[in-house]
Asks: 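Before we start, here is the structure in question, set down as C-alpha cells.
Just follow the structure's listing: the first ligand is 1, and inside any ligand the first atom is 1.
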Amino acid sequence: MDEITVKQYYNDYIIGCYGKENFVFVKGKGPWLWDINGKKYLDFFPGWAVSGLGHCPTRVVKALTKQLKTLMHVANNYYIDVQALCAKKLIEISFDGKVFFCNSGAEANEAAIKLSRLYGAKTGRYKIISMRNSFHGRTLATVTMTGQEKYSAPFKPLPDGFAYAQFNDMDSLRSCVDEKTVAVIVEPIQGEGGINVADQSYLQSLRDFCNRNDLLLIFDEVQTGMGRTGNWFAFQHYGVQPDIMTLAKTLGGGFPVGAMIAGKNIAELLVPGTHASTFGGNPLACAAAIAVMETIEEEHLCENVSNLSVWFISELKKLQKKFPVIKEVRGIGFMIGMELEVPGKDFVERCRKNGLLLNCTHDTVIRIMPPLGIKKSLLKKGLGIIKKSLKEEFNN
Ligand SMILES: *Cc1c(COP(=O)(O)O)cnc(C)c1O
C-alpha cells in the first residue's frame, strides 16, 4: 500500500477519534522507526510508553512466536500455565498480593474502582478521590476519575462517586474526604498531566492518612511502571507501598496487557461473578509480559535508566540555561518533562523533521521517554537533535 491510499482508507473507513500526525510507520527496531518512505526516526516516545523496551524487542518477539505456535487462547474458566507464571513473577517484583489480568490501563483502573467499591460496601462507602490533571483512561468510569474536565464533560451525566483533589497537596485531599470516601488514586508521576512528580513527603503523608482512615491507596503505575523510573515501579522509588496498583503500557512490551495488583486481603473480595475479562491474561499476553520482565532483569534495564538519566537530565538542564524558552526540566529516570514557556506542538514537529520523535502533553510540556535500554551514544544523538531544533525554532 502507498501512503496516499493508507490515508484515503483512514478517511473513508476509520472513525476519526485520534489526532493524526502525518506519518505512516511501517517498521521498528529498538529505538528506531521507519516510515513508509524509508526515512528513519529516533523514537524517544515509543508507543506512548508501551514500547518501553523499544520496538520489536527480541525476547518478546521470540516468546510470542513460540507461544503462537503452542496455544493462542483459552478462556479464564481454565487454568493457564503462562498466566500462573506471569502472576508469580509480577508479585515477586512488586508486593505481596494477587493479580487480575486485563488488556489495557483503563481496564486495570476500572477493576480498581470495582474492587474499591466492594471494599467499601460493608461500610456504605464508595467515593474515590483522584487528582486534578490526572489521567486514568477513557471508559466512562475512568474518564470520570480522570481529573480533567475536558475529557469527561461531553459525556455527562457521569457516574457518581468521584471527587478531585490537588496533586501534591494534603490539605486539598483532606477537604475532599467525607464519610463516603473509600479510596484515593494517584499517579506517582503524572504523565499525561505534564510529568508532575509527587513529593516524597506527600506520598508518605498520603499513605499514613489512608491507614488512619481505612482508605485504600491506589497507585496508577500504567505509565510509571516496569522500569520507567529506574525501579520496577515508582512506588519503590518512594518506599511507599499502595494497596492496589494498576499496570499496562510497557507491561506487554508492545502486546496489549493490563494488570491490577491488590493486597491479598482486598483481592479476596473479587470472587467468581464479580469481575472478568474475556481476553485478560491470554497466553500470548502473559508470554509477552514474562519476556518483558526477563528482559528488564537480564539486560539490567533499571540500572541503565538510573545510570544514564542523571546525566541525561543534567544535559537537558544545561539546555535550559542556553534557551530561556525552557521553563523547567523535571522527572525521574526516563520519565522526563521539559516544560516550555510556549505551546510545544511546533517544537515537537520541528524535532520530527530533524528525525526525533517526542510528545507534547498538557500544551507546553515536552515528554521525553526513551526506551529503557537505550545507549548513551543514542541519547547524545537525541540531545543533539533537541538542541538543533531549539535553535531553529526559537532563533537562538
Ligand atoms: C495510558 C494511561 C492510562 C490508560 O491506559 P489505556 O491502555 O489507554 O486504557 C491510564 N493511566 C495512566 C497513568 C496512563 O498513562
Side-chain angles (χ1 to χ4, degrees), residues 15 17-19 45-52 94 100-116 128-148 150-152 155 162 164 167-168 183-198 203 217-229 232-235 237-238 242 244-261 277 279-282 285 288-289 292 331-337 358-362 365 367-369 372:
I15 292 176
C17 64
Y18 298 97
F45 195 63
W48 292 70
V50 165
S51 308
S94 58
F100 171 79
F101 285 107
C102 51
N103 313 287
S104 68
E107 219 189 326
N109 284 328
E110 192 78 38
I113 295 168
K114 284 180 72 177
L115 179 53
S116 299
I128 299 175
I129 298 172
S130 60
M131 302 304 142
R132 302 223 170 265
N133 287 332
S134 60
F135 186 83
H136 299 297
R138 299 288 197 157
T139 64
L140 199 53
T142 58
V143 85
T144 303
M145 190 158 76
T146 290
Q148 305 190 55
K150 65 176 177 189
Y151 291 132
S152 59
F155 305 102
F162 296 93
Y164 312 93
F167 185 66
N168 261 339
V184 179
I185 183 165
V186 64
E187 298 156 80
I189 304 171
Q190 290 188 331
E192 205 276 341
I195 312 288
N196 306 312
V197 182
L203 285 194
L217 180 58
I218 308 166
F219 281 176
D220 179 341
E221 293 231 25
V222 168
Q223 196 167 142
T224 53
M226 305 312 291
R228 181 49 57 189
T229 62
W232 281 110
F233 305 104
F235 83 81
H237 199 87
Y238 289 89
I244 298 173
M245 175 169 73
T246 54
L247 300 173
K249 299 240 162 87
T250 295
L251 179 58
F255 199 86
V257 192
M260 175 191 69
I261 301 178
S277 170
F279 290 113
N282 164 291
V292 166
I332 302 179
F334 279 173
M335 185 149 178
I336 302 164
L358 296 170
N359 167 261
C360 177
T361 189
H362 223 69
V365 181
R367 199 160 26 162
I368 309 173
M369 296 174 67
L372 309 181

Asks: Let me know which of V184, I185, N196, T146 forms a side chain to side chain contact (heavy atoms under 4.5 Å, CB included) with M131.
Replies: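 Looking at V184, I185, N196, T146, the match for M131 under the side chain to side chain contact (heavy atoms under 4.5 Å, CB included) is V184.
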
Asks: Would you call the rings of W48 and F45 parallel, tilted or perpendicular, where under 30° means parallel and over 60° means perpendicular?
Replies: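 Taking F45 first and then W48, their aromatic rings stand perpendicular (interplane angle over 60°).
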
Asks: For ligand 1 and G105, I'd like to know whether there is a polar contact (N/O to N/O, distance under 3.5 Å).
Replies: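 G105 vs ligand 1: N/O contact under 3.5 Å present.
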
Asks: Please give me the minimum heavy-atom distance between G337 and V365, naming the atom from each residue.
Replies: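 Between these two residues, the closest heavy atoms are CA-CG1, 3.9 Å.
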
Asks: Taking N or O atoms only and a 3.5 Å limit, does A248 qualify as a polar contact for ligand 1?
Replies: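 Between A248 and ligand 1 (N or O atoms, distance only) the closest approach is not under 3.5 Å.
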
Asks: Counting only heavy atoms, which portion of T246 has something under 4.0 Å from ligand 1: side chain, backbone, both, or neither?
Replies: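 It is neither; nothing of T246 touches ligand 1.
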
Asks: Do you know which two heavy atoms are closest between R228 and F334, and how far apart they sit?
Replies: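 R228 and F334 have their closest heavy atoms at NH1-O, 2.8 Å.
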
Asks: Hey, does E107 come in under 3.5 Å of ligand 1, counting only N/O atoms on both sides?
Replies: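 Looking only at distances, the answer is no, because the N/O contact criterion of under 3.5 Å is not met.
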
Asks: With heavy atoms only and a cut-off of under 4.0 Å, state how H136 meets ligand 1: side chain, backbone, both or neither.
Replies: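 Near ligand 1, H136 shows its backbone, while the atoms from C-beta on stay back.
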
Asks: Compare every heavy atom of M145 with every heavy atom of S130, then report the nearest pair and how far apart it is.
Replies: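 Taking every non-hydrogen atom into account, OG-O, 2.5 Å.
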
Asks: Could you check whether the rings of F219 and F235 sit parallel, tilted or perpendicular, using 30° and 60° as the cut-offs?
Replies: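 F219 vs F235 ring planes: tilted.
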
Asks: Identify the two heavy atoms, one from R132 and one from F167, that lie closest to each other, and give their separation to 0.1 Å.
Replies: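 Scanning both residues completely, I find the closest heavy atoms to be O-CB, 4.3 Å.
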
Asks: Should you measure from each heavy atom of S104, which atoms of ligand 1 turn up under 4.0 Å away?
Replies: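 Here the atoms of ligand 1 in question are 7 (O), 9 (O).
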
Asks: For atom 6 (P) of ligand 1, is some protein heavy-atom partner under 4.0 Å away?
Replies: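 So atom 6 (P) of ligand 1 has protein heavy-atom neighbours under 4.0 Å.
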
Asks: Report yes if some N/O of E187 lies less than 3.5 Å from some N/O of ligand 1; otherwise report no.
Replies: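 In fact, backbone or side chain, E187 has no N or O that close.
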
Asks: Please state which protein non-hydrogen atom is closest to atom 2 (C) of ligand 1 and give its distance, to 0.1 Å?
Replies: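 For this ligand atom, the closest protein heavy atom is K249 NZ, 2.6 Å.
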
Asks: Does an N or O from A106, backbone or side chain, lie closer than 3.5 Å to an N or O of ligand 1?
Replies: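 For ligand 1, there is an N or O atom that lies under 3.5 Å from one belonging to A106.
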
Asks: What residue and atom, counting heavy atoms only, is the protein's closest point to atom 11 (N) of ligand 1, and at what distance?
Replies: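 Among all protein heavy atoms, the one nearest atom 11 (N) of ligand 1 is D220 OD2, 2.7 Å.
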
Asks: Taking the side chain as every heavy atom from C-beta outward, state whether I195 and R367 have any atom pair closer than 4.5 Å.
Replies: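 Side-chain contact under 4.5 Å: yes.
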
Asks: Just jot down the ligand 1 atoms closer than 4.0 angstrom to any heavy atom of N109, in number order.
Replies: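 What qualifies from ligand 1 is 10 (C), 11 (N).
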
